[in-house]
Amino acid sequence: MKKKLFIPGPVEVTADVLEAMATPMFGHRTKEYADLHEKVACGLQKLLNAERPVFLSTSSAFGVMEGAVRNLVQKRCASFANGAFSKKWHDVTLRCGIEADLFAVDWGRPITPELVDSALAGGKYDAMTLVHNETSTGVMSPLEEIAEVMKRYPEVSFIVDTVSSMSAVPIDVSAQEIDVCLAGVQKAFGLPPGLAVFAVSERALRKAETTPGRGYYFDFVEFEKNAAKNNTPSTPCISQIYALGHQLEKIFVEGLENRYERHRQMAEATRAWVLAQGFTLFPEEGFCSMTLTCACSDGQTDLEKLKKLAAERGYALDNGYGKIKNETFRIAHMGDFTMEDMCELFKLLEELLPQVRG
Ligand SMILES: *Cc1c(COP(=O)(O)O)cnc(C)c1O
């Protein structure tokens, strides 16, 4: 049975996006592809206020996360972690044979500008990795404030995972001087998985040129060379890029301010609903994500059973990630969802909750 996805990725994909994916194929070394590439890369540039058209990578987000550290760490990386994805990024960095130190805070807490400042103050690092919106915990770290601190460390490459926040909240890579801002499209963009997008600053590209051992598939210099011809180093996932072009058109028709406001409204309504049901919010107050809500179980709700009952009714629910599985649950409110979708879910859960609470 087809389930409506309220899990935080992959998210529900609308019928028109799926249809766009079914567009007949064309070669990627053609004018047709170059036109499509330009439209998508420039659309993303506008979305992020980037210096140059945004790069398109046929991979999931982790490909670019690995690529970013391979291109930009020459000395040592400061890995900031407050959840599963940020911690895994540190492990990936180490697996690449790159020197890195982990600066971890408890799950549920944000990465603060103070922590970033104190970690970088010693001058040990030439790059840092940050996950803006920790999808495992529903915590959104204060990117603007962290960006202000980073301006005092121009020698430290500022690498940011915005996988579950890009397009849902304002991100200005030029004003915030972000060196790499990356996302996979199966979260806030509302597309099927398999494509990652990433904006790279000029200073980061010049640095990448001098970094040995960048490999090929995620070599930023290769991406830059090919982007000049509106192309990619290797065969791109044309169907998805086509669908992203379609989705970007819809995003600009909705209007960015309206889109950000829609996410804010869904986030506030979901938090209020969670509290009204007697649950508490997992993130530290003031740092709840705009794209998903992570709630703590009240200890008397069988979350596995809730997930099963919801599945029987055609809804995919999440019951927590990693070490907080079944202690928490997450409700996604990103992509093309509206308040109507959220109300539909709340109504279903209000019906099912009495059956799973002891
Ligand atoms: C989903 C997610 C990832 C992993 O993305 P893949 O597309 O599976 O590689 C990384 N970071 C964050 C914050 C995520 O939400």
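Order of listing sets the numbers, starting from 1, for every ligand and every atom in it.
- Using a 4.0 Å cut-off between charged nitrogen and carboxylate oxygen, Asp126 and Lys207 count as a salt-bridge pair.
- Of the protein's non-hydrogen atoms, the one nearest atom 5 (O) of ligand 1 is Ala61 CB, 3.5 Å.
- Nearest protein heavy-atom neighbour of atom 7 (O) of ligand 1: Gln186 NE2, 2.8 Å.
- For Ser239, the side-chain hydrogen bond (donor to acceptor under 3.5 Å, both in side chains) criterion is met by no residue, not counting sequence neighbours.
- In terms of protein heavy-atom proximity, atom 6 (P) of ligand 1 is closest to Ser60 OG, 3.4 Å.
- Under 4.0 angstrom from ligand 1, there are no non-hydrogen atoms of Glu134.
- Comment: Glu224 engages Arg206 in a salt bridge, judged by a side-chain N to carboxylate O separation of less than 4.0 angstrom.
- Ligand 1 places these atoms under 4.0 Å from at least one heavy atom of Asn133: 13 (C).
- Heavy-atom proximity to Thr135, at under 4.0 Å, picks out these atoms of ligand 1: 12 (C), 13 (C), 14 (C), 15 (O).
- Every residue two or more places apart in sequence or in another chain that forms a salt bridge (charged side-chain N to carboxylate O under 4.0 Å, His left out) with Lys225 is listed here: Glu222.
- Using a cutoff of 4.0 Å between basic side-chain nitrogens and carboxylate oxygens, Arg95 and Asp91 are not scored as salt-bridged.
- For atom 14 (C) of ligand 1, the closest non-hydrogen atom of the protein is Lys187 NZ, 3.0 Å.
- The shortest contact between atom 12 (C) of ligand 1 and any protein heavy atom is with Asp161 OD2, 3.4 Å.
- Using a 4.0 Å cut-off to heavy atoms of Phe62, the atoms of ligand 1 that qualify are 4 (C), 9 (O).
- Geometrically, Arg357 engages Phe279 in a cation-pi contact defined by less than 6.0 Å to the ring centre and at most 45° from the axis.
- Close approach of ligand 1 to Val131 is summarised as follows: ligand atoms under 4.0 Å from at least one heavy atom of the residue are 13 (C).
- Between Phe103 and Tyr125, the two ring planes are perpendicular [angle over 60°; tilted spans 30° to 60°].
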